[in-house]
Amino acid sequence: MTFLLDTHLLLWAAGKPNRLSATARKLIDSSANELLFSAASVWEVAIKRGLGRGDFQADPRLLRRGLLDNGYTELPILSDHIVAIESLPAIHKDPFDRLLVAQATVEGITILTADSILAEYPGPVRLV
């Protein structure tokens, strides 16, 4: 199965795997699954790290390189993804998370998240 990981799951998988739930760890570790990360997540890390957010201290360049080196596939941001944001219900205020949901919806893949608010979106969102 193909999964798009939200930004926090990416950060935890890369640097704090003990923060991952057992379910998330099992899905991420399974060689049967294809793992994707969004360019939006790298963008989010760069912006929030620059703002001094304590939960976004990873170097975005190293994060991206590490994800690619570990077999993740990068999902670029396309105009189809941006347009799809308009049709999303106003459940989550974070524009990065809204973009991730739009990407998963357009691409027909499941987004994995530990964010219970993000998991309220209908469609391809799985709380792990």
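Worth knowing before you read on, the calculation uses all heavy atoms, side chains too, and leaves out hydrogens, waters and symmetry mates.
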Side-chain (R25) to main-chain (L20) donor-acceptor, under 3.5 angstrom: yes
Is it the case that the side chains of H81 and E107 hold a donor-acceptor pair, with the cut-off being a distance below 3.5 Å and no angle test? yes
Atom CG of L62 and atom CG of D69: how far apart are they, to the nearest 0.5 Å? 10.5 Å
Are the side chain of Y121 and the backbone N or O of P89 linked by a donor-acceptor pair below 3.5 Å? yes
Would you kindly confirm whether M1 and L10 end up in one hydrophobic cluster when ILVMFWY residues are joined by side chain heavy atoms under 4.5 Å apart? yes
Is there a chain of hydrophobic side chains (I, L, V, M, F, W, Y, each step under 4.5 Å between heavy atoms) that links L68 to L35? yes
Is there a side chain to side chain contact (heavy atoms under 4.5 Å, CB included) between I77 and W43 once you walk through the steps? CA-CA 11 Å; I77 300 168; W43 180 21; 4.1 Å; yes
If you count heavy atoms of other groups shown closer than 6.0 angstrom to CZ of R61, is the number above 12? no
What is the minimum heavy-atom distance between R126 and T110, and which atoms define it? CB-CG2, 3.8 Å
Show your reasoning for whether side chain to side chain contact (heavy atoms under 4.5 Å, CB included) applies to N33 and I28. CA-CA 7 Å; N33 295 328; I28 291 169; over 6 Å; no
How far does NE2 of H92 sit from CG of D115, to the nearest 0.5 angstrom? 4.0 Å
Closest non-hydrogen atom pair, Y72 against A13: OH-CB, 3.9 Å
Under a 4.5 Å cut-off applied to non-hydrogen side-chain atoms, are E34 and I109 in contact? no
Give a yes or no on whether F3 and L9 share a hydrophobic cluster (residues Ile, Leu, Val, Met, Phe, Trp, Tyr; joining criterion: side-chain heavy atoms under 4.5 Å apart). yes
Please step through side chain to side chain contact (heavy atoms under 4.5 Å, CB included) for the pair F56 and L51, ending with a clear verdict. CA-CA 9 Å; F56 288 88; L51 294 172; over 6 Å; no
Of T105, D94, I111, the one forming a side chain to side chain contact (heavy atoms under 4.5 Å, CB included) with L100 is I111
Could you tell me whether the side chain of R49 and the main chain of G54 form a donor-acceptor pair under 3.5 Å? no
Same cluster or not: are L5 and L11 linked, directly or through other Ile, Leu, Val, Met, Phe, Trp or Tyr residues, by side-chain heavy atoms under 4.5 angstrom apart? yes
Smallest heavy-atom separation, I85 atom then R98 atom, equals O-NH2, 3.4 Å
Here the pair of heavy atoms bringing T7 nearest to V45 is CG2-CG2, 3.8 Å
Any sub-3.5 Å donor-acceptor pair from S30's side-chain atoms to L27's backbone N or O? no
Might you point out which heavy atoms bring D6 and A114 nearest each other, and give the distance in Å? OD2-N, 3.9 Å
Quick check for you: to the nearest 0.5 Å, what is the distance between E44 atom CD and D97 atom CG? 6.0 Å
If Ile, Leu, Val, Met, Phe, Trp and Tyr residues are connected whenever their side-chain heavy atoms lie under 4.5 Å apart, and connections chain through other members, are V42 and L75 in the same group? no
Using only atom types and a distance under 3.5 Å, with no angle test, would you say the side chain of Q103 pairs donor to acceptor with the backbone of L4? no
Could you go through L99 and I82, starting from their C-alpha distance and side-chain angles, then the distance that decides it, and tell me whether this counts as side chain to side chain contact (heavy atoms under 4.5 Å, CB included)? CA-CA 7 Å; L99 178 52; I82 303 302; 3.9 Å; yes
Locate the shortest heavy-atom distance separating L118 from V125; write the atom from each residue and the value. O-CG1, 3.6 Å
